[in-house]
Amino acid sequence: MSNPNYGVWRPMAENIEFNALESNSNAVMTVADTVRTTLGPKGLDKLLIDQAMNRHVSNDGVTILLSLRAIHPVARMIVEIAERQEQLVGDGTTTAVVMAAEMIKEGKRLIKELGVHPTKVVEGIESGVNHACQLLEKEANKITLNDIELEQIIKTSLSSKLDGEKLSSLVIASLRSVGKNAMYNGSYNFDKAIMVIRRTNMEDRTINGIVLERKRMDPEMPLEIKESRILIAKLDLKPVKESWLKDNSKYEEILSMENDRVIKSKEIVDAMLATSANTILIASPEVDQVIEDLLVARKVFAVRISTEEIEYLSRYTGAKAIRTIEDLKKTDILGKAGHIYEDEDNGVIYIENGLGRNMVTMIVSGTTKETSLERWRAAIDGVNAAEAALNKGVVAGGGSAELHVIEKVNNLRLKGLEQVGLEVVTSALESIMRQILTNAGYNGLEKVMAAKASPSGFGIDIDSGEVVDMWKKGVLDPLLVKTMALQAAGEISKSVLRIDKNLAAEDLSHQAVSEVKR
Ligand code: ADP
Ligand code: MG
């Protein structure tokens, strides 16, 4: 550790131990250690504190990892896989990190202690991961919306979360309420059918319909509309721009422009209302005050919305976004909703009984911003877990499914030293149950041995420490979460184990690297 520049600030790359494997794997372990104790229902929380002394308590792997400051570049790769896992399946981030760390630790041992060449280890990992995924697929059972297993999946996924039990019921109610409306191209896509919003001043609720966190454009507009005929306006609602006036404009010019503005505004409003719309959702960037006043006078319910909101509002109500005055003449542009109204106390607008595809909004509460955020994340995790389970099936949870494929993975025959690489994968498969149980206060290794001797689908009851049937106990995980986590862990461990030197580079910005390539 003798550094000639001790005490002088140096860029990170120069401070890296050049014994790459050792240094990289240590960095990975440090990061993995920060999240591994959160795994499973008895996992503990982390208190995150930033420089401004803001704090946040979290049990969510990806949230914790993303908030870590200034970490080793290789450890950052771990953060990236956690992030990717979160994007692809929305759950199982800690699982992915724990397995990656185990693979790297075991791989390093093979390379350093037994002198196995890294490429052999890497090939072994690749075959092992593929094989394990196929075996897990064979173990998986299909489920449907009405199966009890769906509830169990959600409960398992939320078991380590703040208030998980209560959130599970909320998630289940939402899923069943949208049901097949969330089917797109033969698989469930709840992103399109369930909105999750967080509020600190409202109760947990599932609402059949859309809840917009917005207010009417003007408080003098009607508070509610029954049999609402909805127009989604994206047209230019600022017919005359002040910027057209020159500095030295004459009074007459200004006057004629003002006249023009009133006439054009009236034309636009007339054209919009000629469609018989009584509700206008406005996504135009600017709205002329004259237009707003006319809408108030004509008792229209108007709300500003963002361009992103158009998609689902249009799906729910059947309205088509209108871009030009000419488009207003088309038929079938209006959407419908049985009831639209503003809840002034809570500052939200409800849209119910839409003509289009059914949607549900889940309101997740929290007494503070912090708890509502953590509960909101958890609710989304639950929805994601359910989606993965419905689309790809479920396996026994608590690390049981992983543990029971080990023997079959070991039966795989690879040539030569690649066979040794399989050990890396089997250690990772074993590490999940071990970590969950260690976190629950057991001797993880001892319990894993007991579970190993039990039939497939069995694992350890986290409360009693006894061997139980995980299917009977209802501790289940989505197959997809497991296979994705395993693949992600395989990817990262392969890259880390292949590196034999970390080098300080001059400039690796995107441009510099592509220049060199050319
Ligand atoms: P991740 O970020 O990987 O989703 P979690 O903290 O959510 O991490 O833990 C998920 C793991 O906890 C899964 O392997 C799941 O099967 C396990 N688990 C959940 N509930 C139980 C339980 N009651 N007994 C044993 N394991 C459980
Ligand atoms: Mg989870």
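Note that ligands are numbered from 1 as they come in the structure, with each ligand's atoms numbered from 1 the same way.
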Worksheet item: Which is the closest N/O/S atom of Asp91 when seen from the Mg ion (ligand 2)?
Response: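 Checking each N, O and S atom of Asp91, the shortest distance to the Mg ion (ligand 2) belongs to OD1.
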Worksheet item: Which one of Asp461, Thr94, Asn439 has a non-hydrogen atom at the shortest distance from atom 2 (O) of ligand 1?
Response: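 Nearest heavy atom to atom 2 (O) of ligand 1 lies in Thr94.
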Worksheet item: Taking atom 7 (O) of ligand 1 as the point of reference, which of Gly459, Gly164, Ser160 owns the nearest heavy atom?
Response: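 Nearest heavy atom to atom 7 (O) of ligand 1 lies in Ser160.
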Mind checking the [atom1]-[atom2] spacing from [X] to [Y]? Nearest 0.5 Å is all I need.
X	Y	atom1	atom2	answer
Thr95	Arg36	OG1	CZ	12.0 Å
Asn181	Tyr188	CG	OH	10.0 Å
Ile406	Leu422	CD1	CG	11.5 Å
Asn208	Asn353	CG	CG	7.5 Å

One residue to check: [X]. Relative to ligand 1, which of side chain, backbone, both or neither has a non-hydrogen atom less than 4.0 Å away?
X	value
Ile436	side chain
Thr38	backbone
Leu39	both

Nearest protein heavy atom with distance in Å, relative to [atom]:
atom	answer
atom 5 (P) of ligand 1	Gly40 N, 3.8 Å
atom 13 (C) of ligand 1	Asp477 OD2, 3.4 Å
atom 20 (N) of ligand 1	Ser159 OG, 3.1 Å
atom 3 (O) of ligand 1	Thr95 OG1, 2.5 Å
atom 23 (N) of ligand 1	Val475 CG2, 3.6 Å
atom 26 (N) of ligand 1	Gly398 CA, 3.2 Å

Worksheet entry | Proximal atoms of ligand 1 relative to Asp91 (non-hydrogen, under 4.0 Å) |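 Atoms satisfying the 4.0 Å criterion: 4 (O).
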Practice prompt. Find all atoms of ligand 1 within a distance of less than 4.0 Å from any non-hydrogen atom belonging to Gly397, and give their numbers and elements.
Written response: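 Taking each heavy atom of Gly397 in turn, ligand 1 has 16 (O) under 4.0 Å.
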Do [X] and [Y] come close enough that some side-chain heavy atom pair is under 4.5 Å?
X	Y	result
Asn358	Tyr316	yes
Glu86	Leu65	no
Glu402	Glu430	no
Thr438	Leu39	no
Val364	Leu170	yes

For [X], state whether at least one heavy atom is located under 4.0 Å from any atom of ligand 1.
X	answer
Gly61	no
Pro41	yes
Lys482	yes

Item to complete: Flag this pair as yes if the NZ/CZ of Lys192 is under 6.0 angstrom from the six-membered ring centre of Tyr184 and inside a 45 degree cone about the axis; otherwise no.
Response: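 Positive - Lys192 is close enough to the ring of Tyr184 and near enough to its axis.
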Worksheet entry | side chain to side chain contact (heavy atoms under 4.5 Å, CB included), paired with Val129, selected from Gln487, Met99, Lys494 |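 The side chain to side chain contact (heavy atoms under 4.5 Å, CB included) with Val129 is passed solely by Gln487 among Gln487, Met99, Lys494.
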